Amino acid sequence: ASPTLFPVNPIEKMPSPTTTLVIVAGLLSTIDCSEGSASMPLRNLLLKEAHERIEQLYPDTSQLEDPKQKDGVTFRLTKDDKECGGDGVPVSFVEYDVPGSRPIDVFNVLTDASKQPTWDDHCAKMDPIGDFQDVQAQGYAGEFVAPGTPVAGREGYEWMVVEANFTTEDFWVVFSTYENGDLKQKRPFDSGVVEMQNCLAGYHLTKTATGTHIVNTQQINSHSWPLSARYVANQGWTSSVDFAAALKKEGAAQQAKGWNNTQVVVPAWMLVDRPCGEINYDVQVRNTILNQAKTEMSLDESQRGTAKSISLASGASLKLWQSFANCGGSGVSPTSIPKWWAEFEVPNVDPAEVFNRLVNKEEEHSWHAGQGPVNITGFHGGARGIHEEFKAPKVMWHQFKTREMWEWQAAEHNSTDGSYLLALQSAGDPFSPSFGSSDVSAFQCLAAYKATPVTRGGSTGTLLQFSSHLNPNIGLLSKLRLLWQKAGEQMVKEFADSILAAIGTGSAAPLDGGSLSLLAPPPEGRNDSLSIDEVVALDPKNDSSLVFRRGFSQLDLPKQIDVSATDLTSNAESVYKLYQRLQNNATEEEKGPFQGGAATTALTLQRQGESLAAIQIRTMEVVAKIDCEGDPDWDHNHPAGGLPFGLIIGIAVAVTVVLLACISWCCCRFCRGRLREKRSRRAAQDLLNHVDQNRLVTTEDAAGTSLRRTEDRR
């Protein structure tokens with residue numbers, strides 16, 4: 001029975017891995033897992049707001065101030081201030097024509113953003129930060145200046161998204177600092193600059209009889225306190241005239257290049273219109289390889305070629321089929337090469353263990369003597385890059401040099417019948433340096449392995465079927481079919497003997513740390529810093545809350561579930577706690593691996609990871625529907641920051657008057673003090689002069705009595 005997913009809508013069974021999955025995008029790693037953080041995917045959101053402002057707000061002149069005009073450029077501001085960067089900032093509109101340039105020419109100038117400093121004096125830099133395909137945006141760090149002034153530069157980390165209709169020649173370019181945490185993490189701010197918010201800068205380009213018509217909207221918070229954003233916009237509006245003149249000149253230069261009507265500088269993935277809440281889950285490489293492997297595994301015996309049976313060292317019987325077909329590519333000449341198809345049983349061993357022996361290429365050298373070094377190069381399109389070296393076959397007396405291949409590895413687990421499918425196929429071109437100058441490149445057209453459970457005598461084992469079509473690049477010797485057939489047959493037998501011997505030791509195979517990513521490729525845009533424990537702790541009393549669902553949707557499950565770890569205890573307990581919050585949303589098949597509680601083996605933990613990955617995709621679809629119904633409140637009014645210019649002048653005058661009064665008072669006190677000091681000194685001097693002029697003389701009479709008299713010395 002299918003449970004209800006977070007009481008929103010019925011669960012759909014997880015799509016087949018061979019089908020391109022469609023899931024939600026737009027959940028940036030910087031988005032908070034709060035109830036109010038719902039938002040449609042970034043490209044959809046920014047384009048939607050640009051359309052609304054230019055197509056709905058701008059035509060409504062009742063909401064706009066009177067226009068300013070100069071040199072064919074019209075500038076207007078909204079009467080109300082809208083929230084931007086925590087302040088009230090007016091939305092500006094600029095309208096003008098670019099004669100002599102097609103819309104696509106102007107589009108290419110605007111989207112070649114890193115070159116803007118070469119033609120716009122107000123742009124000091126526009127450094128690329130990177131491509132973000134999951135949100136269909138490019139990131140830039142821009143610094144904007146006011147030439148000839150001491151004002152510090154303003155720096156903003158901006159997204160750029162685009163929309164193009166080549167038929168109608170209608171183009172949109174949008175820049176925004178909205179939710180730019182991902183960009184800030186990739187590089188620090190420059191010293192000496194002030195962070196700004198470019199909440200939305202949109203350009204709508206349409207065709208005219210003489211060239212291109214442009215309507216541009218902007219809302220920039222440059223943090224100019226105490227001046228208000230409105231005053232700054234009104235005083236600096238002529239910078240828009242300068243920009244228009246520079247853009248016209250650059251558009252003419254782009255037109256002169258003679259590009260066709262569809263040639264653009266942005267990558268094609270930026271132009272794809274994806275429905276809100278959906279992205280292409282990129283598993284194209286994986287699906288292509290696995291589909292070929294399924295076709296190969298489905299061939300009946302009559303289609304496999306000449307059959308024979310070979311006894312293996314263990315006593316088991318190897319069924320072998322062989323035919324010839326062309327194989328080659330990537331510098332290896334196509335040649336008619338034997339194509340092998342084989343099967344044998346592995347008794348008393350689960351298919352999961354056989355699969356994990358085969359998928360772990362880095363450990364294959366420990367049980368297969370013909371295997372050399374292996375370099376894991378990362379994931380692309382749901383498949384993993386493998387660069388491997390192997391020992392070439394010996395034909396008669398000649399030992400060929402070591403061969404190497406660059407391949408894509410893909411895998412899937414069919415939970416219905418318990419089978420595992422693994423496939424490898426050579427890539428078009430090498431994606432890593434060669435192991436050695438003496439190595440010779442070989443080409444693997446397809447190597448496919450299918451491990452299916454079988455029951456014999458009451459015990460379960462594995463039927464291992466595999467095919468290989470390898471061109472070892474041995475030149476003319478490949479024409480010697482008899483010799484090559486013998487060598488190839490021996491290689492297949494050695495491989496079968498090796499894996500049976502390895503499994504027969506009874507020791508558990510070390511699991512490949514990337515195996516879960518192969519079986520359940522994670523969707524793009526996951527938050528690789530978010531832990532399972534952090535998600536489990538989100539709104540712990542409400543398993544159906546949007547807070548918890550959004551956190552779970554952002555989790556990078558393969559990274560957080562380490563099946564290759566030596567000690568699984570802590571990780572396994574966290575995984576089980578997460579499942580307990582999700583168990584009402586799991587299908588019966590998905591509940592199976594959790595019946596015994598927290599995993600005690602790496603194989604069980606791997607299966608639990610697959611179940612959680614299936615639940616996560618369905619959860620993301622639900623969150624996507626909720627998010628697409630939400631929309632940040634871009635256009636609510638907000639009190640303006642800064643002070644009115646008249647008030648600033650009044651304050652400046654008042655401060656000046658107070659300062660002058662203080663200075664005057666201080667000067668008066670100082671002067672009065674000096675005057676008193678001068679008067680005191682003069683009085684003291686007068687007294688001294690008087691005493692000096694009238695000296696008192698003391699004498700004695702005949703009886704000895706003292707007598708005093710004043711002697712006038714004048």
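Note that the structure is a prediction, hence the values are computed from the model and not measured.
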Exercise. Would you say the side chain of E590 lies within less than 4.5 Å of the side chain of I615, judging by non-hydrogen atoms?
Worked result: yes

Exercise. Crowded around K125 NZ? As in, over 12 foreign heavy atoms under 6.0 Å?
Worked result: yes

For this session: Could you list the residues that satisfy salt bridge (charged side-chain N to carboxylate O under 4.0 Å, His left out) with K186, not counting sequence neighbours?
Result: none

For this session: Please name the pair of heavy atoms, one in A423 and one in L290, separated by the smallest distance, quoted to 0.1 Å.
Result: CB-CD2, 4.5 Å

Exercise. Does Y178 reach the side chain of L42, with side-chain heavy atoms less than 4.5 Å apart?
Worked result: yes

Exercise. Are any non-hydrogen side-chain atoms of E95 and N216 less than 4.5 angstrom apart?
Worked result: no

For this session: Can you run down the salt bridge (Lys or Arg N to Asp or Glu O under 4.0 Å) pairs that involve residues 261-271, sequence neighbours left out, and say none if there aren't any?
Result: none

Problem set entry | Ring-ring centroid check W269 F132, cutoff 6.0 Å | no

Seminar exercise, completed: Exactly one candidate in F431, W408, W406 meets ring-ring contact (aromatic ring centres under 6.0 Å, His included) with H387; the answer is W406

Exercise. Is it true that the side chains of S529 and N527 contain a donor and an acceptor less than 3.5 Å apart?
Worked result: yes

Problem set entry | Worked check of side chain to side chain donor-acceptor pair (under 3.5 Å) between H51 and Q56 | CA-CA 8 Å; H51 276 271; Q56 298 177 26; over 6 Å; no

Problem set entry | Test ring-ring contact (aromatic ring centres under 6.0 Å, His included) applied to F166 and F171, step by step | CA-CA 8 Å; F166 297 102; F171 299 87; 5.8 Å; yes

Problem set entry | Candidates N198, D182, L45 - the one meeting side chain to side chain contact (heavy atoms under 4.5 Å, CB included) with W159 | D182

Problem set entry | Ring-face cation of R76 near Y58 (centre distance under 6.0 Å, axis angle within 45°) | no

